[in-house]
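In what follows, residues are counted from 1 in the order of the sequence shown.
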Amino acid sequence: MVAAPVGAAPVPDKGLRSNSLGLLSNMAIGLSSTAPAYSLAATLGGVVGHVQGKAPAMFVVAFVPMLMVAVAYKELAADTPDAGTTFTWGSRAFGPWIGWLGGWGLAVSAIICLANVAEIAASYLLRFVGLTSLANDRVAVVGFGCALIVAMTWVSYRGIVVSERMQNVLMSIQFAVLGVAAVAALWAVYRGTAGPQAVRPSWDWLDPTGLSASQIAAAVILCIFLYWGWDACLAVGEETKDSSSTPGRAAVLATVVLMGTYVLVAVAVQSYSGFGETGLGLGNTDNHDDVLTVLGRPVGGAVLAGLLVLTVALSALSSTQSTVLPTARGTLAMAIYRAVPERFARVHPKYLTPSFGTVVMGGSALAFYLTLALLSRNTLEDSISSLGLAVAFYYAITAFACAWYFRRTLRRSMRNLVLRLVFPVLGGAAMIWAFVQSAVDMIAPDYGQTVIGGIGGVFVIGIGMLVLGVPLMIACAVTRPAFFRGRTLPRATAPEDA
(Lines give C-alpha, C1' and ligand atoms only; values in the text may rest on other atoms or scores of the structure.)
Protein backbone atom coordinates (compact mmCIF):
# COMPACT_ATOMS: atom_id res chain seq x y z
CA MET A 1 0.00 0.00 0.00
CA VAL A 2 1.47 3.36 -1.08
CA ALA A 3 1.08 6.14 1.44
CA ALA A 4 -0.54 9.41 0.58
CA PRO A 5 1.74 12.45 0.33
CA VAL A 6 1.01 13.97 3.68
CA GLY A 7 4.32 15.81 4.12
CA ALA A 8 5.96 16.56 7.40
CA ALA A 9 3.82 15.45 10.30
CA PRO A 10 4.00 17.34 13.59
CA VAL A 11 6.67 15.88 15.83
CA PRO A 12 5.17 15.04 19.24
CA ASP A 13 6.64 16.89 22.21
CA LYS A 14 8.83 14.45 24.11
CA GLY A 15 9.43 16.66 27.11
CA LEU A 16 13.13 17.24 26.37
CA ARG A 17 14.97 20.51 27.05
CA SER A 18 14.56 22.45 23.80
CA ASN A 19 16.92 25.16 22.46
CA SER A 20 19.79 23.98 24.71
CA LEU A 21 22.48 23.42 22.08
CA GLY A 22 24.05 25.57 19.37
CA LEU A 23 25.91 24.47 16.24
CA LEU A 24 29.30 23.99 17.92
CA SER A 25 27.82 22.19 20.92
CA ASN A 26 25.85 19.92 18.64
CA MET A 27 29.00 19.15 16.64
CA ALA A 28 30.87 18.47 19.88
CA ILE A 29 28.40 15.73 20.81
CA GLY A 30 28.68 14.15 17.36
CA LEU A 31 32.49 14.32 17.30
CA SER A 32 32.82 13.08 20.87
CA SER A 33 30.51 10.16 20.14
CA THR A 34 32.87 9.27 17.28
CA ALA A 35 35.84 9.28 19.70
CA PRO A 36 38.47 10.13 17.06
CA ALA A 37 41.55 9.54 19.23
CA TYR A 38 40.36 6.17 20.51
CA SER A 39 39.04 5.16 17.07
CA LEU A 40 42.40 5.90 15.46
CA ALA A 41 44.33 4.13 18.18
CA ALA A 42 42.14 1.04 17.94
CA THR A 43 41.73 0.68 14.17
CA LEU A 44 44.46 2.51 12.24
CA GLY A 45 46.79 -0.45 12.65
CA GLY A 46 44.07 -2.80 11.41
CA VAL A 47 43.41 -0.66 8.34
CA VAL A 48 47.13 -0.59 7.54
CA GLY A 49 47.21 -4.37 7.99
CA HIS A 50 44.57 -4.74 5.26
CA VAL A 51 45.80 -2.13 2.74
CA GLN A 52 49.38 -1.31 3.77
CA GLY A 53 50.27 2.29 2.90
CA LYS A 54 46.89 3.15 1.42
CA ALA A 55 45.20 3.77 4.77
CA PRO A 56 44.76 7.52 4.02
CA ALA A 57 43.03 6.55 0.76
CA MET A 58 40.62 4.32 2.68
CA PHE A 59 39.70 7.19 4.97
CA VAL A 60 38.83 9.26 1.90
CA VAL A 61 37.00 6.35 0.21
CA ALA A 62 34.91 5.72 3.33
CA PHE A 63 34.29 9.45 3.75
CA VAL A 64 32.47 9.73 0.41
CA PRO A 65 29.53 7.44 1.30
CA MET A 66 29.58 8.81 4.86
CA LEU A 67 29.13 12.33 3.50
CA MET A 68 26.34 11.12 1.23
CA VAL A 69 24.57 9.44 4.15
CA ALA A 70 25.09 12.59 6.26
CA VAL A 71 23.37 14.60 3.51
CA ALA A 72 20.43 12.17 3.68
CA TYR A 73 20.27 12.71 7.44
CA LYS A 74 20.37 16.47 6.89
CA GLU A 75 17.45 16.40 4.43
CA LEU A 76 15.33 14.19 6.66
CA ALA A 77 16.13 16.20 9.78
CA ALA A 78 15.09 19.42 8.04
CA ASP A 79 11.72 17.85 7.25
CA THR A 80 11.18 15.92 10.49
CA PRO A 81 13.58 16.77 13.34
CA ASP A 82 12.92 13.77 15.56
CA ALA A 83 15.05 12.09 18.23
CA GLY A 84 14.06 8.72 16.75
CA THR A 85 16.15 9.45 13.60
CA THR A 86 16.49 6.15 11.70
CA PHE A 87 13.52 4.58 13.49
CA THR A 88 11.19 7.50 12.75
CA TRP A 89 12.33 8.17 9.20
CA GLY A 90 12.49 4.49 8.27
CA SER A 91 8.96 3.95 9.61
CA ARG A 92 7.57 6.91 7.68
CA ALA A 93 9.22 5.84 4.44
CA PHE A 94 9.01 2.03 4.54
CA GLY A 95 6.61 1.18 7.33
CA PRO A 96 6.89 0.05 10.95
CA TRP A 97 8.84 -3.20 10.48
CA ILE A 98 11.80 -1.65 8.65
CA GLY A 99 11.74 1.39 10.95
CA TRP A 100 11.80 -0.76 14.09
CA LEU A 101 14.75 -2.80 12.81
CA GLY A 102 16.59 0.42 11.97
CA GLY A 103 16.11 1.59 15.55
CA TRP A 104 17.37 -1.77 16.78
CA GLY A 105 20.48 -1.48 14.60
CA LEU A 106 21.29 1.83 16.31
CA ALA A 107 20.80 0.31 19.75
CA VAL A 108 23.02 -2.68 18.90
CA SER A 109 25.79 -0.37 17.68
CA ALA A 110 25.68 1.60 20.91
CA ILE A 111 25.73 -1.45 23.18
CA ILE A 112 28.72 -3.00 21.39
CA CYS A 113 30.57 0.31 21.35
CA LEU A 114 29.93 1.10 25.01
CA ALA A 115 31.40 -2.20 26.16
CA ASN A 116 34.61 -1.62 24.22
CA VAL A 117 35.15 2.07 24.97
CA ALA A 118 34.64 1.42 28.67
CA GLU A 119 37.40 -1.19 28.54
CA ILE A 120 39.76 1.17 26.72
CA ALA A 121 38.98 4.13 28.98
CA ALA A 122 39.64 2.05 32.08
CA SER A 123 42.91 0.57 30.80
CA TYR A 124 44.33 3.86 29.56
CA LEU A 125 43.34 5.87 32.62
CA LEU A 126 45.11 3.33 34.82
CA ARG A 127 48.18 3.54 32.59
CA PHE A 128 48.15 7.33 32.68
CA VAL A 129 48.20 7.50 36.49
CA GLY A 130 51.06 4.98 36.60
CA LEU A 131 49.09 1.92 37.72
CA THR A 132 50.48 -0.29 34.95
CA SER A 133 50.09 -3.50 36.93
CA LEU A 134 46.38 -2.82 37.40
CA ALA A 135 46.05 -1.89 33.71
CA ASN A 136 47.23 -5.42 32.91
CA ASP A 137 44.91 -7.02 35.48
CA ARG A 138 41.64 -8.17 33.84
CA VAL A 139 39.63 -8.02 37.04
CA ALA A 140 40.76 -4.48 37.81
CA VAL A 141 40.16 -3.24 34.25
CA VAL A 142 36.72 -4.82 33.97
CA GLY A 143 35.71 -3.53 37.39
CA PHE A 144 36.89 -0.01 36.57
CA GLY A 145 35.24 -0.21 33.15
CA CYS A 146 31.92 -1.11 34.75
CA ALA A 147 32.28 1.83 37.13
CA LEU A 148 32.89 4.17 34.17
CA ILE A 149 29.75 2.95 32.38
CA VAL A 150 27.76 3.66 35.52
CA ALA A 151 29.36 7.10 35.94
CA MET A 152 28.81 8.17 32.34
CA THR A 153 25.23 6.90 32.42
CA TRP A 154 24.71 9.12 35.46
CA VAL A 155 26.12 12.14 33.60
CA SER A 156 23.71 11.48 30.71
CA TYR A 157 20.89 11.09 33.22
CA ARG A 158 21.64 14.48 34.78
CA GLY A 159 20.86 16.46 31.64
CA ILE A 160 21.90 17.56 28.17
CA VAL A 161 23.56 20.78 29.38
CA VAL A 162 25.90 18.93 31.75
CA SER A 163 26.69 16.45 28.96
CA GLU A 164 27.34 19.20 26.42
CA ARG A 165 29.80 21.06 28.69
CA MET A 166 31.71 17.89 29.39
CA GLN A 167 31.88 16.99 25.69
CA ASN A 168 33.16 20.45 24.71
CA VAL A 169 36.15 20.07 27.03
CA LEU A 170 36.96 16.48 26.09
CA MET A 171 36.62 17.14 22.36
CA SER A 172 38.93 20.17 22.50
CA ILE A 173 41.63 18.14 24.25
CA GLN A 174 41.39 15.32 21.70
CA PHE A 175 41.79 17.43 18.59
CA ALA A 176 44.50 19.63 20.12
CA VAL A 177 46.71 16.67 21.10
CA LEU A 178 46.11 14.80 17.82
CA GLY A 179 47.01 17.92 15.84
CA VAL A 180 50.20 18.56 17.83
CA ALA A 181 51.30 14.92 17.56
CA ALA A 182 50.68 14.76 13.78
CA VAL A 183 52.47 18.04 13.05
CA ALA A 184 55.40 17.11 15.30
CA ALA A 185 55.78 13.74 13.57
CA LEU A 186 55.72 15.27 10.06
CA TRP A 187 58.13 18.03 11.14
CA ALA A 188 60.61 15.40 12.33
CA VAL A 189 60.24 13.46 9.07
CA TYR A 190 60.97 16.48 6.88
CA ARG A 191 63.85 17.61 9.09
CA GLY A 192 65.39 14.16 8.85
CA THR A 193 65.35 13.54 12.60
CA ALA A 194 62.64 10.87 12.68
CA GLY A 195 65.04 7.96 12.28
CA PRO A 196 65.93 5.48 9.52
CA GLN A 197 62.48 3.86 9.59
CA ALA A 198 60.74 7.05 8.44
CA VAL A 199 59.55 7.63 4.87
CA ARG A 200 58.40 10.76 3.06
CA PRO A 201 54.63 10.99 2.36
CA SER A 202 53.59 9.83 -1.10
CA TRP A 203 50.59 10.79 -3.24
CA ASP A 204 50.18 7.06 -3.85
CA TRP A 205 48.87 6.79 -0.27
CA LEU A 206 45.72 8.59 -1.44
CA ASP A 207 45.23 6.29 -4.46
CA PRO A 208 42.86 3.38 -3.69
CA THR A 209 43.58 1.46 -6.90
CA GLY A 210 45.42 -1.84 -6.91
CA LEU A 211 43.46 -3.33 -3.99
CA SER A 212 41.06 -6.28 -4.07
CA ALA A 213 37.36 -5.96 -3.24
CA SER A 214 37.91 -7.89 0.01
CA GLN A 215 40.78 -5.61 1.03
CA ILE A 216 38.71 -2.49 0.39
CA ALA A 217 35.64 -3.94 2.14
CA ALA A 218 37.64 -4.97 5.21
CA ALA A 219 39.23 -1.53 5.44
CA VAL A 220 35.98 0.35 4.75
CA ILE A 221 34.06 -1.58 7.41
CA LEU A 222 36.74 -0.55 9.91
CA CYS A 223 36.56 3.03 8.63
CA ILE A 224 32.78 2.99 9.11
CA PHE A 225 33.52 2.41 12.78
CA LEU A 226 36.03 5.28 12.67
CA TYR A 227 33.39 7.67 11.32
CA TRP A 228 30.41 6.28 13.20
CA GLY A 229 28.94 8.54 15.86
CA TRP A 230 28.39 11.82 14.01
CA ASP A 231 24.66 10.98 13.76
CA ALA A 232 24.39 11.70 17.49
CA CYS A 233 24.00 15.30 16.25
CA LEU A 234 20.58 14.39 14.89
CA ALA A 235 19.42 12.42 17.92
CA VAL A 236 19.69 15.57 20.07
CA GLY A 237 18.12 17.69 17.33
CA GLU A 238 14.97 18.43 19.34
CA GLU A 239 17.20 19.91 22.05
CA THR A 240 19.11 22.09 19.55
CA LYS A 241 18.40 25.67 18.51
CA ASP A 242 16.80 25.86 15.06
CA SER A 243 16.22 22.10 15.04
CA SER A 244 15.23 21.99 11.37
CA SER A 245 18.67 23.09 10.13
CA THR A 246 21.37 23.12 12.82
CA PRO A 247 21.63 19.33 13.50
CA GLY A 248 21.93 18.51 9.80
CA ARG A 249 24.63 21.13 9.28
CA ALA A 250 26.45 19.85 12.35
CA ALA A 251 26.39 16.27 11.02
CA VAL A 252 27.81 17.21 7.63
CA LEU A 253 30.49 19.45 9.16
CA ALA A 254 31.42 16.72 11.66
CA THR A 255 32.12 14.20 8.89
CA VAL A 256 34.33 16.73 7.08
CA VAL A 257 36.31 17.49 10.25
CA LEU A 258 36.76 13.78 10.91
CA MET A 259 38.00 13.06 7.40
CA GLY A 260 40.59 15.84 7.57
CA THR A 261 41.77 14.68 11.00
CA TYR A 262 42.02 11.02 10.04
CA VAL A 263 43.93 11.63 6.82
CA LEU A 264 46.38 13.99 8.55
CA VAL A 265 47.06 11.58 11.41
CA ALA A 266 47.34 8.55 9.09
CA VAL A 267 49.85 10.31 6.86
CA ALA A 268 51.87 11.42 9.89
CA VAL A 269 51.89 7.96 11.47
CA GLN A 270 52.87 6.21 8.23
CA SER A 271 55.60 8.76 7.52
CA TYR A 272 57.19 8.57 10.96
CA SER A 273 56.79 4.83 11.56
CA GLY A 274 57.46 3.50 8.10
CA PHE A 275 56.41 0.01 7.13
CA GLY A 276 59.15 -2.14 8.60
CA GLU A 277 58.42 -5.29 10.57
CA THR A 278 60.46 -4.30 13.63
CA GLY A 279 60.53 -1.37 16.04
CA LEU A 280 58.06 1.39 15.21
CA GLY A 281 57.31 -0.06 11.77
CA LEU A 282 53.66 -0.56 10.86
CA GLY A 283 54.59 -4.01 9.58
CA ASN A 284 55.24 -4.95 13.21
CA THR A 285 51.94 -6.50 14.31
CA ASP A 286 52.77 -5.73 17.95
CA ASN A 287 52.02 -2.07 17.13
CA HIS A 288 48.62 -2.61 15.51
CA ASP A 289 46.60 -2.44 18.72
CA ASP A 290 47.66 1.17 19.30
CA VAL A 291 49.90 2.94 16.81
CA LEU A 292 49.30 6.34 18.40
CA THR A 293 50.74 5.83 21.85
CA VAL A 294 53.63 3.80 20.41
CA LEU A 295 54.65 6.99 18.61
CA GLY A 296 54.28 9.27 21.60
CA ARG A 297 57.68 8.97 23.26
CA PRO A 298 59.81 8.87 20.06
CA VAL A 299 58.04 11.96 18.65
CA GLY A 300 57.65 14.13 21.73
CA GLY A 301 59.23 12.41 24.70
CA ALA A 302 57.50 11.53 27.94
CA VAL A 303 55.20 14.57 27.84
CA LEU A 304 53.62 13.75 24.46
CA ALA A 305 53.55 10.04 25.32
CA GLY A 306 51.58 10.81 28.48
CA LEU A 307 49.28 13.22 26.66
CA LEU A 308 48.47 10.64 23.99
CA VAL A 309 47.65 8.01 26.60
CA LEU A 310 45.42 10.53 28.37
CA THR A 311 43.83 11.62 25.09
CA VAL A 312 42.89 8.08 24.10
CA ALA A 313 41.47 7.54 27.61
CA LEU A 314 39.43 10.76 27.50
CA SER A 315 38.30 9.99 23.96
CA ALA A 316 36.95 6.61 25.01
CA LEU A 317 35.46 8.13 28.16
CA SER A 318 33.62 10.85 26.23
CA SER A 319 32.31 8.27 23.77
CA THR A 320 31.06 6.17 26.69
CA GLN A 321 28.88 9.09 27.74
CA SER A 322 27.89 10.52 24.37
CA THR A 323 26.91 7.12 22.96
CA VAL A 324 24.26 6.81 25.66
CA LEU A 325 22.62 10.08 24.55
CA PRO A 326 21.31 9.18 21.07
CA THR A 327 20.26 5.65 21.97
CA ALA A 328 18.26 6.68 25.02
CA ARG A 329 16.54 9.34 22.92
CA GLY A 330 15.91 6.77 20.19
CA THR A 331 14.08 4.48 22.62
CA LEU A 332 12.21 7.51 23.95
CA ALA A 333 10.89 8.20 20.45
CA MET A 334 10.01 4.53 19.96
CA ALA A 335 8.01 4.62 23.19
CA ILE A 336 6.25 7.85 22.23
CA TYR A 337 5.09 6.15 19.03
CA ARG A 338 4.19 3.02 21.09
CA ALA A 339 6.71 0.74 19.40
CA VAL A 340 8.30 -0.34 22.72
CA PRO A 341 7.03 -0.35 26.32
CA GLU A 342 5.71 3.00 27.49
CA ARG A 343 8.20 3.11 30.36
CA PHE A 344 10.86 4.21 27.86
CA ALA A 345 8.86 7.43 27.38
CA ARG A 346 9.56 8.57 30.94
CA VAL A 347 11.35 11.93 31.09
CA HIS A 348 12.87 13.15 34.34
CA PRO A 349 10.84 16.15 35.56
CA LYS A 350 13.93 18.10 36.66
CA TYR A 351 16.69 17.05 34.29
CA LEU A 352 14.41 16.64 31.23
CA THR A 353 16.24 13.52 30.07
CA PRO A 354 14.80 10.13 29.06
CA SER A 355 15.44 8.70 32.50
CA PHE A 356 14.28 5.11 32.07
CA GLY A 357 15.82 4.72 28.61
CA THR A 358 19.15 6.11 29.83
CA VAL A 359 19.29 3.68 32.73
CA VAL A 360 18.31 0.72 30.53
CA MET A 361 20.93 1.63 27.94
CA GLY A 362 23.64 1.85 30.60
CA GLY A 363 22.47 -1.43 32.14
CA SER A 364 22.40 -3.21 28.77
CA ALA A 365 25.93 -2.07 27.95
CA LEU A 366 27.06 -3.17 31.41
CA ALA A 367 25.56 -6.65 30.95
CA PHE A 368 27.03 -7.02 27.44
CA TYR A 369 30.45 -5.91 28.65
CA LEU A 370 30.48 -8.30 31.59
CA THR A 371 29.29 -11.21 29.43
CA LEU A 372 31.99 -10.77 26.78
CA ALA A 373 34.67 -9.94 29.36
CA LEU A 374 33.90 -13.19 31.18
CA LEU A 375 34.11 -15.16 27.93
CA SER A 376 37.49 -13.78 26.86
CA ARG A 377 39.38 -10.65 25.89
CA ASN A 378 39.44 -11.91 22.30
CA THR A 379 35.63 -12.09 22.17
CA LEU A 380 35.41 -8.50 23.32
CA GLU A 381 37.93 -7.40 20.69
CA ASP A 382 36.04 -9.28 17.95
CA SER A 383 32.82 -7.54 18.96
CA ILE A 384 34.28 -4.15 17.96
CA SER A 385 35.21 -5.60 14.56
CA SER A 386 31.55 -6.56 14.12
CA LEU A 387 30.28 -3.07 14.93
CA GLY A 388 30.58 -1.88 11.34
CA LEU A 389 27.88 -4.37 10.27
CA ALA A 390 25.21 -2.82 12.52
CA VAL A 391 26.26 0.72 11.59
CA ALA A 392 26.21 0.00 7.84
CA PHE A 393 22.79 -1.63 8.30
CA TYR A 394 21.01 1.33 9.86
CA TYR A 395 22.88 3.95 7.81
CA ALA A 396 21.65 2.17 4.65
CA ILE A 397 18.06 2.21 5.91
CA THR A 398 18.29 5.96 6.58
CA ALA A 399 19.84 6.73 3.20
CA PHE A 400 17.23 4.77 1.23
CA ALA A 401 14.44 6.20 3.40
CA CYS A 402 15.52 9.68 2.31
CA ALA A 403 15.33 8.81 -1.39
CA TRP A 404 11.94 7.11 -1.06
CA TYR A 405 10.34 9.67 1.24
CA PHE A 406 11.30 12.61 -1.01
CA ARG A 407 10.62 10.84 -4.31
CA ARG A 408 7.79 13.22 -5.30
CA THR A 409 10.05 16.26 -4.92
CA LEU A 410 12.89 15.16 -7.21
CA ARG A 411 11.66 16.93 -10.36
CA ARG A 412 11.39 20.23 -8.58
CA SER A 413 15.09 21.12 -8.80
CA MET A 414 18.54 19.76 -9.55
CA ARG A 415 19.36 20.27 -5.88
CA ASN A 416 16.59 17.89 -4.85
CA LEU A 417 17.63 15.32 -7.43
CA VAL A 418 21.23 15.26 -6.22
CA LEU A 419 20.77 15.67 -2.46
CA ARG A 420 17.60 13.61 -2.08
CA LEU A 421 18.17 10.83 -4.60
CA VAL A 422 21.68 10.52 -6.05
CA PHE A 423 23.67 11.02 -2.85
CA PRO A 424 21.41 8.93 -0.58
CA VAL A 425 21.13 6.03 -3.03
CA LEU A 426 24.88 5.92 -3.70
CA GLY A 427 25.65 6.24 0.01
CA GLY A 428 23.13 3.53 0.92
CA ALA A 429 24.38 1.22 -1.84
CA ALA A 430 27.96 1.63 -0.58
CA MET A 431 26.82 0.67 2.93
CA ILE A 432 25.01 -2.41 1.63
CA TRP A 433 28.07 -3.45 -0.37
CA ALA A 434 30.38 -3.03 2.64
CA PHE A 435 27.90 -4.97 4.80
CA VAL A 436 27.53 -7.92 2.40
CA GLN A 437 31.19 -8.17 1.38
CA SER A 438 32.39 -7.94 4.98
CA ALA A 439 29.78 -10.42 6.24
CA VAL A 440 30.89 -12.95 3.62
CA ASP A 441 34.54 -12.50 4.61
CA MET A 442 33.75 -12.65 8.33
CA ILE A 443 32.19 -16.10 8.08
CA ALA A 444 35.68 -17.60 7.64
CA PRO A 445 36.93 -19.15 10.90
CA ASP A 446 40.30 -17.41 10.54
CA TYR A 447 38.68 -13.96 10.48
CA GLY A 448 39.26 -12.28 13.83
CA GLN A 449 40.46 -13.99 16.97
CA THR A 450 37.56 -16.27 17.93
CA VAL A 451 35.60 -19.13 16.33
CA ILE A 452 32.04 -20.00 17.35
CA GLY A 453 30.55 -23.20 15.95
CA GLY A 454 33.12 -23.31 13.16
CA ILE A 455 32.24 -19.76 12.05
CA GLY A 456 34.20 -16.57 12.61
CA GLY A 457 33.27 -15.00 15.94
CA VAL A 458 33.08 -11.54 14.38
CA PHE A 459 30.30 -12.73 12.05
CA VAL A 460 28.41 -14.51 14.84
CA ILE A 461 28.46 -11.48 17.12
CA GLY A 462 27.63 -8.93 14.42
CA ILE A 463 24.86 -10.82 12.63
CA GLY A 464 23.66 -12.48 15.83
CA MET A 465 23.04 -9.17 17.57
CA LEU A 466 21.05 -7.89 14.57
CA VAL A 467 18.99 -11.10 14.28
CA LEU A 468 18.22 -10.91 18.01
CA GLY A 469 16.06 -7.90 17.18
CA VAL A 470 13.60 -10.00 15.16
CA PRO A 471 11.99 -11.92 18.08
CA LEU A 472 12.00 -8.74 20.15
CA MET A 473 10.21 -6.92 17.34
CA ILE A 474 7.64 -9.70 17.02
CA ALA A 475 7.02 -9.57 20.77
CA CYS A 476 6.41 -5.82 20.52
CA ALA A 477 4.11 -6.35 17.53
CA VAL A 478 1.98 -8.78 19.56
CA THR A 479 1.72 -6.55 22.62
CA ARG A 480 1.63 -3.15 20.85
CA PRO A 481 -0.22 -3.63 17.57
CA ALA A 482 -1.12 0.04 17.04
CA PHE A 483 2.36 1.01 15.88
CA PHE A 484 2.80 -2.04 13.66
CA ARG A 485 -0.55 -1.33 12.00
CA GLY A 486 0.66 2.14 11.10
CA ARG A 487 -1.67 4.03 13.44
CA THR A 488 0.81 5.87 15.68
CA LEU A 489 3.44 6.59 13.02
CA PRO A 490 1.84 6.22 9.57
CA ARG A 491 3.78 5.96 6.35
CA ALA A 492 4.13 9.21 4.43
CA THR A 493 5.80 10.90 1.50
CA ALA A 494 6.93 14.48 1.19
CA PRO A 495 4.63 16.67 -0.95
CA GLU A 496 5.92 17.85 -4.31
CA ASP A 497 6.55 21.39 -3.08
CA ALA A 498 8.66 20.29 -0.05
Side-chain angles (χ1 to χ4, degrees), residues 1-16 72-73 76-77 79-111 231 234-239 243 325-347 353-361 364 390 393-407 465-494:
M1 176 179 177
V2 178
V6 298
V11 177
D13 181 18
K14 300 179 180 65
L16 300 170
Y73 269 83
L76 288 165
D79 181 90
T80 311
D82 194 290
T85 59
T86 298
F87 158 76
T88 303
W89 302 328
S91 297
R92 298 192 77 205
F94 299 127
W97 300 93
I98 298 298
W100 201 98
L101 286 174
W104 174 251
L106 173 59
V108 164
S109 304
I111 291 170
D231 49 305
L234 288 305
V236 296
E238 292 178 69
E239 296 153 275
S243 60
L325 291 176
T327 316
R329 281 149 181 78
T331 55
L332 168 66
M334 294 177 80
I336 292 291
Y337 293 114
R338 296 163 61 187
V340 295
E342 287 72 18
R343 285 174 294 180
F344 285 94
R346 294 176 185 171
V347 173
T353 57
S355 53
F356 184 78
T358 299
V359 172
V360 169
M361 175 48 53
S364 299
F393 174 76
Y394 83 82
Y395 275 178
I397 288 178
T398 308
F400 290 129
C402 177
W404 188 246
Y405 175 75
F406 286 112
R407 65 189 182 277
M465 288 290 285
L466 287 174
V467 171
L468 179 61
V470 175
L472 295 177
M473 179 176 62
I474 293 173
C476 288
V478 171
T479 57
R480 287 162 184 81
F483 168 76
F484 289 92
R485 292 174 182 171
R487 295 175 183 169
T488 60
L489 184 57
R491 292 181 62 182
T493 57

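Going from atom OG1 of Thr493 over to atom CZ of Phe406 covers 10.5 Å, rounded to the nearest 0.5 Å. Rounding to the nearest 0.5 Å gives a distance of 10.5 Å between CG of Leu489 and CE of Met334. Phe356 CZ to Thr358 OG1: the interatomic distance, rounded to the nearest 0.5 Å, is 10.5 Å. Of the inter-residue distances, the one linking Thr327 atom OG1 with Leu332 atom CG reads 12.0 Å to the nearest 0.5 angstrom.
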Listed pairs under 3.5 Å, donor-acceptor, residues 465-488 side chains, sequence neighbours left out:
unit_1, atom_1, unit_2, atom_2, d
Thr479, OG1, Ala475, O, 3.0
Thr479, OG1, Cys476, O, 3.4
Arg480, NE, Val340, O, 3.4
Thr488, OG1, Tyr337, O, 2.5

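The two atoms that bring Pro341 and Ala335 nearest to each other are O-CB, 3.6 Å, heavy atoms only. The heavy-atom pair separating Thr88 from Ala333 by the smallest distance is OG1-CB, 4.4 Å. Nearest heavy atom pair, residue Gly99 against residue Ser91, reads CA-OG, 3.3 Å. Scanning all heavy atoms of the two residues, the minimum distance from Gly105 to Ala390 falls at O-CB, 3.9 Å.
Taking Thr86 as the reference, Tyr73, Thr398 meet the side-chain hydrogen bond (donor to acceptor under 3.5 Å, both in side chains) condition, with sequence neighbours excluded. For the side-chain contact (heavy atoms from CB on, under 4.5 Å) test, residues two or more places apart in sequence or in another chain that qualify with Thr331 are Phe344.
Under 4.0 Å is where a charged nitrogen must lie from a carboxylate oxygen, and between Arg92 and Asp82 no such pair does.
Between Tyr395 and Asp231 the shortest side-chain heavy-atom distance falls below 4.5 Å. For the pair Arg491/Trp404, a side-chain contact is recorded, criterion being any heavy-atom separation below 4.5 Å from C-beta on.
Using a distance-only test at 3.5 Å, with no hydrogens or angles considered, no donor-acceptor pair links the side chain of Trp89 to the main chain of Tyr405. Between the side chain of Trp100 and the main chain of Ala339, a donor-acceptor pair closer than 3.5 Å is present.
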